[in-house]
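Chain letters run A, B, ... following the sequence lines, proteins first and then strands; every chain starts at 1. Keep in mind the model is a prediction, meaning the values are calculated, not measured.
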Protein chains: 2
Amino acid sequence: MTIDLFLVETNFKYMDINQKIGERIRELRKEKNISQEALANIAEVDRTYMTGVETGKRNVTVKVLERIVYALDIDFTIFFDDNKFSRK
Amino acid sequence: MTIDLFLVETNFKYMDINQKIGERIRELRKEKNISQEALANIAEVDRTYMTGVETGKRNVTVKVLERIVYALDIDFTIFFDDNKFSRK
DNA sequence: AATACAACGGCTTATGAGTCACATAGAAGT
DNA sequence: ACTTCTATGTGACTCATAAGCCGTTGTATT
């Protein structure tokens, strides 16, 4: 059952869209070496809300996602330019 | 004041994100030569809801946007691969 | 053990999702 | 010219859920 968990976390092909988005945010945030709280402050969302987004528990609206994407200093094109989001 | 309207509709740089998304959906739908109603049916949303999305009046969640994007037979990467969504 | 970071559960309120009746406009047919 | 059909848009409404915010807990790190 640790194997199942492993698959869920790495094989993004079968991941929920909200999980994919959360993982993408986390990736980009770690690249910038900032904490959830720091990112949350820039995006003007609550720290615990950001946790929910990164863990795929929140189904964000486009407007909130825009704030987060901008807080990551990128745009939607770059944010979604990732294998996770392509059916290929 | 017709001039203002003209700018709002064409100069996407200053458009609301929901307007941009609506315009992008409309573009892609017209390319496929299908009606709002046909697209709405595939995406399993109401026809009038689709109108609201295309006219930028709805702030959609990621899950609903996913249904629409898939109904257009593309993925998120392609959907957001457009000048409208890049800060350049 | 103190500090920083991340996650969870639960709660309120603001708004998205979904649906309706009705309106408008343009084509197509008669 | 006047219906009829097709496509789209609007306002208003209900119900579901996203947004936002607590307090608390867990877990490394120093």
With five pairs defining each end axis, the helix from C:dA1-D:dT30 to C:dT30-D:dA1 comes out bent, to 10°, by 40°
Between A:Asn41 (CG) and D:dG20 (P), how many Å, whole number?
13 Å
Nearest-0.5 Å distance, CG of residue A:Asp46 to CD of residue A:Gln36:
11.0 Å
Residue list, side chain to side chain contact (heavy atoms under 4.5 Å, CB included) with B:Glu37, at least two apart or on another chain:
B:Ser35, B:Asn41, B:Arg47
With B:Arg58 via side chain to side chain contact (heavy atoms under 4.5 Å, CB included) - residues at least two apart:
B:Tyr49, B:Val53, B:Val60
Using a strict threshold of under 4.0 Å (side-chain N to carboxylate O), is an ion pair present between A:Arg26 and A:Glu23?
no
In chain order, what residues pass the ring-ring contact (aromatic ring centres under 6.0 Å, His included) check against B:Phe76, with sequence neighbours excluded?
A:Phe80
Round to a whole Å and report the spacing from CD1 of A:Ile68 to C1' of D:dA18.
12 Å
Can you sort out which residues in residues 28-39 of chain B have a heavy atom within less than 4.0 Å of DNA chain C? Ascending by number, please.
none
Side chains of B:Gln19 and B:Thr55: does their closest heavy-atom pair fall under 4.5 Å?
no
Identified side-chain contact (heavy atoms from CB on, under 4.5 Å) partner of A:Asn59 from the options A:Asp16, A:Asn18, A:Ile21:
A:Asn18
Just how far is it from atom CD of B:Glu54 to atom CZ of B:Arg29, taken to the nearest 0.5 Å?
4.0 Å
If you walk 5' to 3' along DNA chain C, what is the first nucleotide with an atom under 4.0 Å of a heavy atom in chain B, and what is the last?
C:dG16 to C:dA21
Could you walk me through whether B:Phe85 and B:Phe79 pass the side-chain contact (heavy atoms from CB on, under 4.5 Å) check?
CA-CA 9 Å; B:Phe85 302 113; B:Phe79 184 84; 4.1 Å; yes
Name every residue in residues 43-60 of chain B that has at least one heavy atom under 4.0 Å from any atom of DNA chain D, in order of residue number, or write none if there are no such residues.
B:Arg47, B:Thr48, B:Thr51, B:Lys57
A:Lys63 NZ to D:dG20 P: how many Å, rounded?
11 Å
Atom pairs and distances, donor-acceptor, side-chain atoms in residues 62-74 of chain A, under 3.5 Å, two or more places apart:
unit_1  : atom_1 : unit_2  : atom_2 : d
A:Glu66 : OE2    : A:Tyr70 : OH     : 3.4
A:Arg67 : NE     : A:Ala43 : O      : 2.8
A:Arg67 : NH2    : A:Glu44 : O      : 3.0
A:Asp73 : OD2    : A:Lys32 : NZ     : 3.4

Counterpart residues, side chain to side chain contact (heavy atoms under 4.5 Å, CB included), relative to A:Asp75 (two or more places apart)
A:Thr77, A:Ile78, B:Ser86, B:Arg87
Keeping the roles fixed (side chain from B:Lys84, backbone from B:Lys20), state whether a donor-acceptor pair exists under 3.5 Å.
no
Point-to-point distance, once rounded to the nearest 0.5 Å, from CD1 of B:Ile25 to NZ of B:Lys30
13.5 Å
